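Please read the structure below before turning to the comments.
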Amino acid sequence: SADGTTAVHTYPCVTQVLPNVVGLFTPTASAEISSLGISDHVINVHSTTVPPGHIVAMSPPAGSKLFGHGPVTLTNAVPNTEAATSLAGG
């Protein structure tokens, strides 16, 4: 600061237990994770088993203890095409 002192900011770190958002509509899942103060990162995969726009998987998985603010990776289903490699193996 201008007077030569140093400000120290302490941010509390908490341990969160991740909720299960697999199968939820992606914006709903993202909002649920964000409401806990955890950042999320959404990636897209082609799926034949989960409707497009819904969460296929999350990492770390539901029930995991997360120290701090993330991030959590949410895997979003997008429509399957012949040229795409499917997460579901199909």
Side-chain angles (χ1 to χ4, degrees):
S1 70
D3 65 3
T5 61
T6 302
V8 176
H9 299 280
T10 304
Y11 299 99
C13 285
V14 295
T15 300
Q16 299 273 6
V17 176
L18 294 177
N20 186 10
V21 298
V22 173
L24 294 181
F25 184 53
T26 299
T28 303
S30 182
E32 188 167 331
I33 295 295
S34 295
S35 73
L36 297 173
I38 299 171
S39 64
D40 66 327
H41 173 71
V42 178
I43 60 172
N44 294 321
V45 297
H46 299 278
S47 175
T48 57
T49 59
V50 176
H54 289 74
I55 298 300
V56 176
M58 59 186 290
S59 178
S64 296
K65 291 182 180 177
L66 183 68
F67 183 74
H69 301 286
V72 171
T73 300
L74 301 176
T75 305
N76 176 58
V78 295
N80 199 21
T81 62
E82 280 186 46
T85 301
S86 171
L87 181 68

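Computed from a predicted structure; not experimentally measured.
Taking all atoms of both residues into account, the shortest heavy-atom contact from P51 to A77 is O-CB, 3.5 Å. S30 and D40 make their closest contact through OG-OD2, 2.6 Å (heavy atoms, listed as atom of the first residue, atom of the second, distance).
Listed for the S39 side chain is a donor-acceptor partner under 3.5 Å among the backbone atoms of H69. Checked by atom type and distance alone, the side chain of T26 pairs as donor or acceptor with a backbone atom of G53 at under 3.5 Å.
Among residue pairs with one or both ends in residues 50-66, none qualify as side chain to side chain donor-acceptor pair (under 3.5 Å); sequence neighbours excluded.
Here L36 is tied into one hydrophobic group with L18, V21, V22, L24, I33, I38, V42, I55, M58, L66, V72, L74, each link being a pair of ILVMFWY side chains closer than 4.5 Å.
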